[in-house]
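As structure tokens, the structure follows; a few thoughts come after it.
Keep in mind that what you see is a predicted model, and the values were worked out from it rather than measured. Below, all heavy atoms of this structure are taken into account, side chains as well, without hydrogens, waters or symmetry copies.
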Amino acid sequence: MDLYIDTAETDAWKELMPTRLFKGITTNPLLASRAGLSYPEIDWVGLTGLAAELGAKEFHCQVYGPVESFIDFAGARYEDGRKAGLQVVIKVPLVEPAIRAVPGMKAALGGPILMTACYDAKQMFVASALGAEYIAPYFGRMLEGGLPAYEAMAQMLAIGELAGGKTRMLIASLRNPEQMVRLAEIGLDCFTIAPQIARDLLTDSNSVAAVADFEAAAKAG
């Protein structure tokens with residue numbers, strides 16, 4: 001079971017990474033914008049170094065702009081990771097021009113790739129054939145768009161197994177821990193979650209009440 005924090009907000013990293021619940025951190029241009037960052041001006045060396053200092057084993061960042069720039073961007077990010085002492089994973093959207101760029105990236109750089117913005121089980125064929133290490137289904141967005149998200153996750157698992165199980169499903173766009181529980185029931189074990197969902201994992205009202213009872217009993221004794 002591997003969990004990741006899905007945000008570019010470094011305050012959330014500093015709050016949640018010390019729990020040691022999370023293997024790493026995932027980002028993209030939209031998350032960067034929400035954190036008040038200009039994607040082309042991000043200090044990737046500083047962010048990657050901070051992620052490593054906080055205990056991340058992996059840091060996922062996404063390509064952007066012309067496909068011709070992907071190799072240079074990915075190569076720089078992989079080097080940032082090597083210097084910081086963690087593994088950078090490059091996220092590539094599941095659209096045709098970007099898909100066509102992946103073989104060249106793999107041949108030139110050899111680093112791990114995550115195919116992102118997945119909305120359909122058929123896209124697992126693409127990620128598996130490309131030898132991508134991860135694929136990120138946008139589960140919550142699929143549900144909200146009226147797509148059969150739970151069925152699609154089971155189908156993707158089956159496709160991945162037929163392809164040799166080399167492309168791991170990293171479920172993204174989750175809305176609550178209950179979705180994680182249901183997805184774990186069908187065999188999924190890798191999730192990237194927003195800070196609020198991470199906080200929800202850390203507390204339960206019944207557990208809080210039980211601890212209050214324990215403390216009261218201890219003081220009474």
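Contacts of Asp80 classified as side chain to side chain donor-acceptor pair (under 3.5 Å), with partners at least two apart in sequence or in another chain: Arg77. For Asp200, the side chain to side chain donor-acceptor pair (under 3.5 Å) partners are Gln196, not counting sequence neighbours. In terms of the side chain to side chain donor-acceptor pair (under 3.5 Å) criterion, Glu53 has no residue partners (sequence neighbours excluded). Annotation: side chain to side chain donor-acceptor pair (under 3.5 Å) contacts of Thr27 (sequence neighbours excluded): none.
Using a distance-only test at 3.5 Å, with no hydrogens or angles considered, a donor-acceptor pair links the side chain of Thr48 to the main chain of Trp44. Of the possible polar contacts, none joining the Ser33 side chain to the Pro29 backbone as a donor-acceptor pair under 3.5 Å is found. Using a distance-only test at 3.5 Å, with no hydrogens or angles considered, a donor-acceptor pair links the side chain of Gln123 to the main chain of Asp120. A side-chain donor-acceptor contact under 3.5 Å links Gln179 to the backbone of Arg175. Listed for the Tyr78 side chain is a donor-acceptor partner under 3.5 Å among the backbone atoms of Pro112.
Contact detail for Ala154 and Ile186: the closest heavy-atom pair is N-CD1, 4.0 Å.
In this structure, Phe59 has its ring center closer than 6.0 angstrom to the ring center of Trp13. In this structure, Phe70 has its ring center at least 6.0 angstrom away from the ring center of Tyr64.
Of the residues listed (Met124, Met169, Met156), the one engaging Cys118 in a side chain to side chain contact (heavy atoms under 4.5 Å, CB included) is Met156, and it is the only one. Checking Val67, Val92, Leu130 one by one against Met105, the side chain to side chain contact (heavy atoms under 4.5 Å, CB included) holds for a single residue, Val92.
Atom CD1 of Ile113 and atom CD1 of Ile135 lie 13.0 Å apart (nearest 0.5 Å). Taken to the nearest 0.5 Å, the OG1 atom of Thr192 stands 9.5 Å off from the CD1 atom of Ile197.
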With side-chain contact (heavy atoms from CB on, under 4.5 Å) as the criterion, how do Ile90 and Val63 come out once you've worked through the C-alpha distance, each side chain's angles and the decisive distance to 0.1 Å? CA-CA 7 Å; Ile90 296 297; Val63 293; 3.6 Å; yes
So Asn28 and Lys91, side-chain contact (heavy atoms from CB on, under 4.5 Å) or not? Walk me through it. CA-CA 8 Å; Asn28 63 38; Lys91 302 169 71 171; 4.1 Å; yes
Before giving the answer on salt bridge (charged side-chain N to carboxylate O under 4.0 Å, His left out), spell out for Arg34 and Glu9 the whole-Å C-alpha distance, their side-chain angles and the decisive distance to 0.1 Å. CA-CA 8 Å; Arg34 290 173 179 168; Glu9 296 176 358; over 6 Å; no
Does Glu178 form a salt bridge (charged side-chain N to carboxylate O under 4.0 Å, His left out) with Arg182? I'd like the steps, not just the answer. CA-CA 6 Å; Glu178 289 71 29; Arg182 287 192 61 187; over 6 Å; no
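Proximity of Leu94 to Thr116: side-chain heavy atoms (C-beta onward) are nowhere separated by under 4.5 Å.
Shown here is Lys57, whose NZ atom has no more than 12 heavy atoms of other residues, nucleotides or ligands within 6.0 Å. The 12-atom threshold is not exceeded at CZ of Phe125, counting heavy atoms of other residues, nucleotides or ligands nearer than 6.0 Å.
Hydrophobic cluster membership of Leu114, counting Ile, Leu, Val, Met, Phe, Trp and Tyr whose side-chain heavy atoms lie under 4.5 Å apart directly or via other members: Tyr4, Val89, Tyr134, Leu170. If you chain together ILVMFWY residues whose side-chain heavy atoms come under 4.5 Å of each other, Leu30 ends up in a group of its own.
In this structure, Glu96 pairs ionically with Arg100, as a charged nitrogen and a carboxylate oxygen lie closer than 4.0 Å.
A cation-pi contact, defined as under 6.0 Å to the ring centre and within 45° of the axis, is absent between Arg141 and Tyr119.
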